[in-house]
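Note sheet for the following structure.
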Amino acid sequence: MKFPGNIPSVIEKSGLMVILISTIIALVSHVVTMIMDRQITVSDILLLFMYLEFISMTETYWKMGQLPVRMPLYIAMVGIARHLMTEPSDIKPQEIVLYSLGIVLLGVAVLIVRYGHFKYPYKNHEADEDS
């Protein structure tokens, strides 16, 4: 089915705006919570980094029209690390090993993607534009 005019572009930009506004609201809400609690933990800082990565990912997608694969990988790595820090009493030792292995595998995936961009750059873009 073919959409008339710029309808897909409008839908895409609207979706990006919803994601961006939602992320900013969540970021501000979390900062307010940290101020009210008068406590900042490493988990809080990791969550703030995740919010910034979402904002950066949204900006990149808005400008380029494509999403660099590495950004969601970084967010997943930070998310797993944050989960390990926020729920340590509920996680069994073998699960910690599995989560850690997941982080290592995501790190290897980032290296593979970076190598692929270096070795086989896109024909219509700079060699490693999403770095």
So the side-chain hydrogen bond (donor to acceptor under 3.5 Å, both in side chains) pairs with at least one residue in residues 32-52 (sequence neighbours excluded) are H30-D44, T41-D44, S43-R82

Given the rule that I, L, V, M, F, W and Y join up when any side-chain heavy atoms are under 4.5 Å apart, are I19 and M50 in one cluster?
no

Residues two or more places apart in sequence or in another chain: which of them pass side chain to side chain contact (heavy atoms under 4.5 Å, CB included) with K92?
Q94, E95

Is there a path of hydrophobic side-chain contacts, each under 4.5 Å between heavy atoms of I/L/V/M/F/W/Y residues, joining L48 to I35?
yes

Should L101 and I91 be counted in the same cluster of Ile, Leu, Val, Met, Phe, Trp and Tyr side chains packed under 4.5 Å apart?
no

Can you pull the salt bridge (charged side-chain N to carboxylate O under 4.0 Å, His left out) pairs that have at least one residue in residues 50-60, sequence neighbours excluded?
E59-K63

Between the CZ atom in R114 and the CG atom in L73, the distance rounded to the nearest 0.5 Å is 12.0 Å

Spell out, yes or no, whether V18 and L27 are grouped together once hydrophobic residues are joined by side-chain heavy atoms under 4.5 Å, including indirect joins.
no

When rounded to the nearest 0.5 angstrom, what is the spacing between CG in L16 and NZ in K13?
6.5 Å

Could you tell me which residues satisfy side chain to side chain contact (heavy atoms under 4.5 Å, CB included) with L20, sequence neighbours excluded, listed by chain and number?
I24, I55, T58

Nearest 0.5 Å please: distance from the CZ atom of R70 over to the CD1 atom of I112.
13.5 Å

Any pair counted as side-chain hydrogen bond (donor to acceptor under 3.5 Å, both in side chains), so long as it reaches residues 18-29, sequence neighbours left out:
none

Minimum side-chain heavy-atom gap L106-I80 below 4.5 Å:
yes

My understanding is that only residues two or more places apart in sequence, or in another chain, count here; which of them pass side chain to side chain contact (heavy atoms under 4.5 Å, CB included) with V97?
none

Common cluster, I40/F49, ILVMFWY with side-chain heavy-atom separation under 4.5 Å
yes

Qualifying ring pair (Phe, Tyr, Trp, His ring centres under 6.0 Å) pairs, either residue in residues 62-114, two or more places apart
H83-Y99

Hey, could you give me the CG/CD1 distance between L52 and I75, rounded to the nearest 0.5 Å?
10.5 Å

